[in-house]
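Only this structure's heavy atoms are used, side chains among them; waters, hydrogens and symmetry mates stay out. Because the structure is a prediction, the values reported are computed rather than measured.
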Amino acid sequence: MGRHSLPDEPVRNAARDRPPRRRGVVVTTILVLVVAAGAGVAAQAGLLSRSGPCAGDPVRVDLVASPDIAPVLRTIADRARRDKVTTDGHCLDVQVAARESFKVAASLSDGTTDPDYQIWVPDSSLWTDRARGKGNGVPLTPAGNVASSPVTVGAVPTAAASLGWPNKKYSWAELTAATTATDKVRLGTADPARSATGLLALASIATSAQASGAGSDTQVAATAKLLAQRASDSDTQVLQTLAQDDSGTETGNPRRNEAVLLSEQAAFAHNSDGGGASNLDLFYPTDATPALDYPFNLVDDSELTTDQGRAALRFMTLLSQSAALHTLQDHGFRAADTPLKAAMVRTAGGRAPQPYASSDAPPPTDDAVQQTLGLWTITVQSARLTVVVDASGSMADPVPGRKGQSRMDVTKGSLLQALAQFTPQDEVGLWEFATKLDGAKDYRELEPTARLGESAPGGGTHRERLAAAFASLKPVPDGSTGLYDTTLAAYQKAQSTYVSGKFNALVVLTDGTNQDDHSISRGALINRLRTLADPRRPVPMIGIAVGPDADRTEVDQIAKATGGAGYEVSDPADIQAVILKAVMTVGQS
């Protein structure tokens with residue numbers, strides 16, 4: 001994901017305000033007391049003050065929050081100022097600003113920013129994971145969760161009735177299939193690359209489809225493609241795409257959505273502002289709903305003054321008190337360890353027998369998130385990939401734990417799985433390489449890079465011919481690894497056939513290092529690739545080192561010369577997941 005500037009508020013003089021690093025230890029100690037022992041123990045220890053007369057200047061801390069919960073936190077902060085809530089005798093002054101979570105995560109992820117805030121409350125822990133970057137992001141110290149809100153599917157009344165609401169219950173896979181089948185109900189989403197709601201929903205759809213069995217990859221790819229055609233930039237914007245009323249003019253307008261992926265709280269806010277036919281009815285999928293979890297994070301606690309650290313945690317304790325919990329519930333949020341209010345669910349559009357009180361689904365794994373985002377990137381942007389596969393003799397080596405299967409066998413299976421997730425508009429080609437595979441050349445093109453839905457000579461589609469070519473790949477007996485000349489030739493071809501508007505990339509899979517003594521050298525190859533790389537026509541290389549004999553460092557160095565990256569898999573079965581992860585990572589950089 002690209003970096004974004006955040007011009008909400010002026011940056012303070014960081015050099016003047018920066019305390020010694022040791023103060024982070026004090027803040028962390030307080031955090032342990034507050035979270036582990038509870039606010040009462042911390043107060044008894046003198047770490048937190050009760051309300052009372054203010055002494056001296058107030059202690060100010062700045063908090064940035066997801067736009068949906070920022071108004072609630074601002075209300076609580078305003079009440080604390082009005083009631084003269086104190087921290088160590090000083091009045092507590094928390095200033096709340098709304099910022100999109102994906103933008104904050106991007107600004108923190110490379111560790112080069114100097115944040116102008118001490119607390120961050122995104123709508124999902126997915127963003128805190130993203131903010132850590134590759135381990136070099138601005139440090140975040142979690143201090144619990146403020147609230148939660150399950151991710152659901154909201155539909156206008158006519159569409160909900162056509163789907164059997166509230167009596168008809170669906171899994172995620174069944175519900176999206178029912179809404180997208182023959183365009184029965186037009187379903188919209190916020191961009192999963194920018195919206196935790198969209199990302200959690202799409203990951204749940206993928207998990208549900210996999211659990212359903214046959215055709216799951218194809219089903220998820222098809223669903224993602226349909227969603228991409230009706231995607232909005234933000235959760236706020238996707239609500240604006242809904243039919244404004246239940247009239248035939250509105251619901252029949254092909255530019256209007258009749259259902260959207262959204263949080264329960266977003267539906268609550270929508271229904272509270274509206275009224276009548278425009279209100280949404282909510283479906284809660286039976287295979288559990290993921291939830292936005294609103295984590296409370298101290299931002300680089302080593303840079304906080306002692307007063308700021310204590311004030312931040314004082315505010316966190318306020319959020320667990322009854323007045324704040326009521327405020328959260330009044331705005332449609334669920335509060336931890338607090339009974340679910342039926343009236344709140346009804347306002348949001350939930351009705352029995354919809355399973356709105358069931359447990360939340362566990363958050364998706366990092367791998368599931370990366371795969372989902374990779375799939376989304378491919379779907380939205382449409383891909384043009386040239387896949388180059390090592391066919392050297394070592395690809396015949398057996399794979400441990402996979403009886404009777406060679407590296408090539410498992411690689412082919414994984415590539416065929418990946419192929420199923422591409423749409424008819426995506427373009428994919430196939431090369432193979434060893435040494436002296438085609439006369440003096442180490443490589444040959446088996447299938448050109450063409451649109452998968454395109455009719456192929458002799459009948460069928462390019463997808464079918466490509467699948468057959470994948471299936472027919474075989475190791476070349478005594479063939480060595482001609483990596484360098486192949487990479488250069490494939491990159492030159494991919495760049496010369498660049499297609500604007502698509503995600504162009506070169507995917508090179510190898511299980512060894514270069515073994516052609518007569519080829520270009522590694523240094524010369526890297527220099528040549530750097531010269532050829534054109535930021536106006538980017539073709540990043542995704543290098544995948546397969547098995548114990550491959551050199552991931554070498555592959556990464558070569559790939560980075562093109563703006564790409566190198567990856568390593570011990571089991572060729574992981575190739576499909578790595579391709580999707582790489583597409584997302586490289587495509588968003």
Side-chain angles (χ1 to χ4, degrees), residues 1-14 17-18 27 31 58-81 92-133 137-149 190 194-197 233-236 263 265-266 292-305 307-316 318-319 324 327-328 331 333:
M1 186 176 295
R3 306 288 187 258
H4 299 263
S5 61
L6 299 171
D8 288 314
E9 300 205 6
V11 178
R12 298 187 307 280
N13 188 324
D17 294 343
R18 183 170 295 147
V27 173
L31 175 62
V59 179
R60 171 170 172 164
V61 289
D62 290 277
L63 181 155
V64 296
S66 175
D68 53 347
I69 201 167
V72 186
L73 298 180
R74 191 176 295 117
T75 296
I76 298 169
D78 289 345
R79 185 164 60 227
R81 276 191 296 275
L92 178 64
D93 180 17
V94 178
Q95 297 292 325
V96 179
R99 300 187 189 179
E100 294 285 357
S101 298
F102 80 93
K103 291 184 179 180
V104 178
S107 73
L108 295 174
S109 63
D110 64 2
T112 61
T113 58
D114 189 7
D116 58 342
Y117 47 90
Q118 293 78 45
I119 307 169
W120 179 35
V121 183
D123 59 1
S124 172
S125 298
L126 294 176
W127 300 118
T128 57
D129 294 339
R130 189 82 62 84
R132 294 187 180 97
V138 174
L140 298 172
T141 303
N145 297 82
V146 174
S148 68
S149 186
R194 296 173 172 228
S195 162
T197 299
D233 283 343
S234 69
D235 296 303
T236 301
S263 71
Q265 191 279 330
L292 303 178
D293 59 353
Y294 301 94
F296 187 102
N297 298 281
L298 299 182
V299 180
D300 198 357
D301 66 10
S302 65
E303 296 294 315
L304 305 186
T305 66
D307 286 345
Q308 285 176 326
R310 293 185 178 189
L313 292 169
R314 174 67 167 126
F315 188 64
M316 180 62 187
L318 287 181
L319 298 179
T327 302
L328 287 163
H331 286 79
F333 292 95

Nearest heavy atoms of [X] and [Y], plus distance in Å:
X: L304; Y: G309; result: CD1-CA, 4.1 Å
X: S124; Y: A196; result: CB-CB, 3.5 Å
X: A312; Y: V61; result: N-CG1, 4.3 Å
X: P67; Y: P71; result: O-CD, 3.2 Å
X: A131; Y: L140; result: CB-CD1, 4.0 Å
X: Q265; Y: S149; result: N-OG, 2.9 Å

Review point. If we only count heavy atoms from C-beta on, is the P122 to V104 side-chain gap below 4.5 Å?
Key: no
Check your understanding: Would you call S125 and P295 a side-chain contact if the rule is heavy atoms closer than 4.5 Å?
Key -> yes
Check your understanding: Got a sec, which residues hit side chain to side chain contact (heavy atoms under 4.5 Å, CB included) with S148, two or more places apart in sequence or on another chain?
Key -> R334
Check your understanding: For A266, which residues count as a side chain to side chain contact (heavy atoms under 4.5 Å, CB included) partner, sequence neighbours excluded?
Key -> L239, L262, S263
Working to the nearest 0.5 angstrom, can you tell me the gap between [X] [atom1] and [Y] [atom2]?
X: D300; Y: L108; atom1: CG; atom2: CG; result: 9.5 Å
X: N297; Y: M316; atom1: CG; atom2: CE; result: 9.5 Å
X: W127; Y: S195; atom1: CH2; atom2: OG; result: 7.0 Å
X: L92; Y: R60; atom1: CG; atom2: CZ; result: 12.0 Å
X: E100; Y: R194; atom1: CD; atom2: CZ; result: 8.5 Å

Check your understanding: Quick one: which of I69, L126, T197 gives a side-chain contact (heavy atoms from CB on, under 4.5 Å) with L292?
Key -> T197
Study note, to complete from the structure: Only one of N145, L73, I119 passes side-chain contact (heavy atoms from CB on, under 4.5 Å) with F296, and that residue is I119
Practice item. List for me each residue that meets salt bridge (Lys or Arg N to Asp or Glu O under 4.0 Å) alongside D233, sequence neighbours excluded, and say none if there are none. Key: none
Revision key, fill the gap. The salt bridge (Lys or Arg N to Asp or Glu O under 4.0 Å) partners of D93 (sequence neighbours excluded) come to R81
Review point. For Y294, which residues count as a ring pair (Phe, Tyr, Trp, His ring centres under 6.0 Å) partner, sequence neighbours excluded?
Key: F333
Review point. Quick one: do R310 and D307 make a salt bridge, cutoff under 4.0 Å?
Key: no
Point to revise | Contacts of type side chain to side chain donor-acceptor pair (under 3.5 Å), residue T327, not counting sequence neighbours | key: R79
Review point. Can you name the side chain to side chain donor-acceptor pair (under 3.5 Å) partners of S66, sequence neighbours left out?
Key: D68
Practice item. Quick one: do D116 and D62 satisfy side-chain contact (heavy atoms from CB on, under 4.5 Å)? Show the steps, please. Key: CA-CA 7 Å; D116 58 342; D62 290 277; over 6 Å; no
